[in-house]
Undergrad: 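Have a look at the structure that comes next, please.
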Amino acid sequence: MSRRASFRQGLSYAALSAGSLVVLGVVSSIVIARLFGIKVVGEYALALAPFGALATLSSVREQAALVRELSTLPPRAPRVTGLFTAVLAFSIALTVVVAALVSGVTYLLFRGPIGRPDLFGPALALLGGFIVATNTSWNLDMVFAAFRAGRQLFWIRLLQAVSFMVLATVAGLYSDTVWSLVLATIGSYATGLAHRIIAV
């Protein structure tokens with residue numbers, strides 16, 4: 001397959017991925033809202049806020065640099081593993097440091113002005129899930145992106161989105177607490193990580 005055809009195929013899978021994830025996101029939101037109600041969904045949003053802060057603050061564009069380097073190499077080149085390992089180690093170290101700072105601020109805010117110290121545990125669990133599963137998954141995604149593996153990324157992301165909806169639905173039938181949504185989130189990222197490791 002020519003480089004141009006590979007690029008076009010990658011774009012088509014990117015568009016398909018974005019469209020299907022939007023549809024699944026809407027369906028998941030409706031299902032979760034019906035199962036858990038506004039109170040639990042609001043608690044989940046609060047617990048998820050530090051996760052979003054960590055995602056924003058824990059990158060210095062090291063992953064984009066990895067894509068630039070890997071895209072010039074053949075897939076089986078020995079440097080691919082070395083570069084990936086170095087960037088992953090740096091990314092994990094940076095994420096752990098930022099997560100510690102975000103955890104401290106979260107603790108103060110949840111015990112102070114927000115007045116929801118009971119949500120610190122769920123928030124901390126989500127931060128741990130980010131360090132172990134989400135951050136590692138994002139680094140693996142850069143390998144797929146560098147070698148224009150759009151089809152594989154599409155199926156990985158689709159499976160992850162579906163697994164969240166399934167896990168949240170099953171958990172919601174047994175327990176309608178914020179912990180059910182937290183565990184479904186971590187479980188879906190763990191599923192996505194396992195799929196990425198197999199595919200890479």
Side-chain angles (χ1 to χ4, degrees), residues 13-59 95 98-99 102-103 105-141 144 150-199:
Y13 273 109
L16 182 62
S17 178
S20 59
L21 291 178
V22 166
V23 171
L24 269 173
V26 170
V27 172
S28 291
S29 298
I30 293 168
V31 170
I32 288 168
R34 298 285 296 190
L35 276 174
F36 291 93
I38 192 166
K39 180 178 180 292
V40 174
V41 171
E43 290 173 344
Y44 175 67
L46 277 174
L48 196 60
F51 180 101
L54 180 59
T56 302
L57 299 172
S58 65
S59 175
T95 303
V98 175
V102 170
S103 297
V105 171
T106 300
Y107 178 79
L108 294 174
L109 289 174
F110 280 16
R111 286 191 66 84
I114 295 176
R116 292 300 305 267
D118 57 307
L119 293 179
F120 180 67
L124 208 58
L126 286 166
L127 292 178
F130 183 94
I131 293 168
V132 174
T134 309
N135 183 61
T136 307
S137 293
W138 287 355
N139 280 280
L140 285 167
D141 283 356
F144 291 109
R151 183 170 54 89
Q152 288 89 343
L153 265 178
F154 165 73
W155 289 111
I156 288 167
R157 290 174 176 165
L158 185 66
L159 172 67
Q160 183 173 315
V162 169
S163 68
F164 172 71
M165 187 168 65
V166 170
L167 290 170
T169 302
V170 171
L173 295 174
Y174 291 97
S175 172
D176 59 347
T177 68
V178 69
W179 276 107
S180 297
L181 288 174
V182 167
L183 294 175
T185 302
I186 295 170
S188 69
Y189 274 105
T191 301
L193 176 59
H195 193 178
R196 285 169 172 89
I197 291 170
I198 292 166

Undergrad: How many angstroms lie between CZ in R111 and CG in L119, if you round to the nearest 0.5 Å?
TA: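 These two atoms lie 12.5 Å from each other.
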Undergrad: Any donor-acceptor pair under 3.5 Å linking the side chain of S180 with the backbone of S175?
TA: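 It does hold such a pair.
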Undergrad: Rounded at 0.5 Å granularity, tell me how far OG1 in T95 sits from CG in N139.
TA: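 Those atoms lie 7.5 Å apart.
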Undergrad: Working to the nearest 0.5 Å, report the span between CZ of R157 and NE2 of H195.
TA: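 These two atoms lie 12.0 Å from each other.
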Undergrad: Between G129 and I186, which heavy-atom pair has the shortest distance, and what is it?
TA: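 That would be CA-CG1, 4.4 Å.
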Undergrad: Just jot down the side-chain contact (heavy atoms from CB on, under 4.5 Å) partners of V105, sequence neighbours excluded, or say none.
TA: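 V105 satisfies side-chain contact (heavy atoms from CB on, under 4.5 Å) with L109 only.
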Undergrad: Provide the full list of salt bridge (Lys or Arg N to Asp or Glu O under 4.0 Å) pairs with a residue in residues 29-38, sequence neighbours left out, each pair given once.
TA: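 The answer is none; no pair qualifies.
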Undergrad: Nearest 0.5 Å, please: how far is CG in L153 from CG in L158?
TA: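 Taking CG in L158 and CG in L153, the distance rounds to 12.0 Å.
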Undergrad: Using every non-hydrogen atom in the two residues, find where P117 and G115 come nearest and quote the distance to one decimal.
TA: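 For P117 and G115, the tightest heavy-atom pair comes out as CD-C, 3.4 Å.
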Undergrad: About how many Å separate CD1 of I156 and OG1 of T191, when rounded to the nearest 0.5 Å?
TA: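 CD1 of I156 is found 12.0 Å from OG1 of T191.
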Undergrad: Out of L181, L35, T177, which one pairs with V40 under the side-chain contact (heavy atoms from CB on, under 4.5 Å) rule?
TA: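 Testing V40 for a side-chain contact (heavy atoms from CB on, under 4.5 Å) against L181, L35, T177 leaves exactly one candidate, L181.
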Undergrad: Determine the minimum heavy-atom distance between L167 and G187, stating which atoms define it.
TA: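 For L167 and G187, the tightest heavy-atom pair comes out as CD1-C, 3.7 Å.
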Undergrad: Identify all side-chain donor-acceptor contacts of residues 49-59 below 3.5 Å with residues at least two apart in sequence or on another chain.
TA:
from, atom 1, to, atom 2, distance (Å)
T56, OG1, G52, O, 3.0
S58, OG, L54, O, 2.7
S59, OG, R61, N, 3.1

Undergrad: For S29, give me all partners under side-chain contact (heavy atoms from CB on, under 4.5 Å), at least two apart in sequence or on another chain.
TA: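 Testing S29 for side-chain contact (heavy atoms from CB on, under 4.5 Å), a comparison that skips the adjacent residues, returns none.
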Undergrad: Under the criterion side-chain contact (heavy atoms from CB on, under 4.5 Å), I'd like the reasoning laid out for Y174 against V170: C-alpha separation, chi angles, the key distance, then a yes or no.
TA: CA-CA 7 Å; Y174 291 97; V170 171; 4.1 Å; yes
Undergrad: Mind checking ring pair (Phe, Tyr, Trp, His ring centres under 6.0 Å) for F120 and listing every partner two or more places apart, or none if nothing turns up?
TA: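 By the ring pair (Phe, Tyr, Trp, His ring centres under 6.0 Å) rule, F120 matches Y107.
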Undergrad: Sort and list the pairs that fulfil salt bridge (Lys or Arg N to Asp or Glu O under 4.0 Å) and have at least one residue in residues 184-196, not counting sequence neighbours.
TA: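 Of all non-adjacent pairs touching residues 184-196, those that pass salt bridge (Lys or Arg N to Asp or Glu O under 4.0 Å) are D141-R196.
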Undergrad: According to side-chain contact (heavy atoms from CB on, under 4.5 Å), who are the partners of L193, at least two apart in sequence or on a separate chain?
TA: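 Partners of L193 under the side-chain contact (heavy atoms from CB on, under 4.5 Å) test: A133, T136, S137, L140, I197.
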Undergrad: Go through the structure and list residues passing side-chain contact (heavy atoms from CB on, under 4.5 Å) with V132, not counting sequence neighbours.
TA: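 V132 satisfies side-chain contact (heavy atoms from CB on, under 4.5 Å) with no residue once adjacent residues are dropped.
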Undergrad: Apply the test side-chain contact (heavy atoms from CB on, under 4.5 Å) to residues I32 and F164: give CA-CA distance (whole Å), side-chain angles for both, the deciding distance (0.1 Å), then the verdict.
TA: CA-CA 10 Å; I32 288 168; F164 172 71; 3.3 Å; yes
Undergrad: Kindly say whether the aromatic ring centers of F130 and W138 come within a distance under 6.0 Å.
TA: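 Judged by ring-centre distance (under 6.0 Å), F130 and W138 do meet the cut-off.
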Undergrad: Within the supplied structure, the quantity of interest is the number of heavy atoms (other residues, nucleotides, ligands) at a distance under 6.0 Å from I38 CD1; does it exceed 12?
TA: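 Not more than 12 within 6.0 Å, no.
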Undergrad: Work out which heavy atom in V182 is nearest to a heavy atom in A125; give both atom names and the distance.
TA: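 Closest heavy-atom pair between V182 and A125: CG1-CB, 4.0 Å.
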Undergrad: Kindly give the heavy-atom pair with the smallest separation between L124 and S103, and that separation in Å.
TA: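 Minimum heavy-atom separation between L124 and S103: CD1-OG, 3.5 Å.
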Undergrad: Considering only residues two or more places apart or on different chains, which pairs with a residue in residues 40-53 satisfy side-chain hydrogen bond (donor to acceptor under 3.5 Å, both in side chains)?
TA: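 Residue pairs passing side-chain hydrogen bond (donor to acceptor under 3.5 Å, both in side chains), neighbours aside: K39-E43, E43-R116, Y44-T185.
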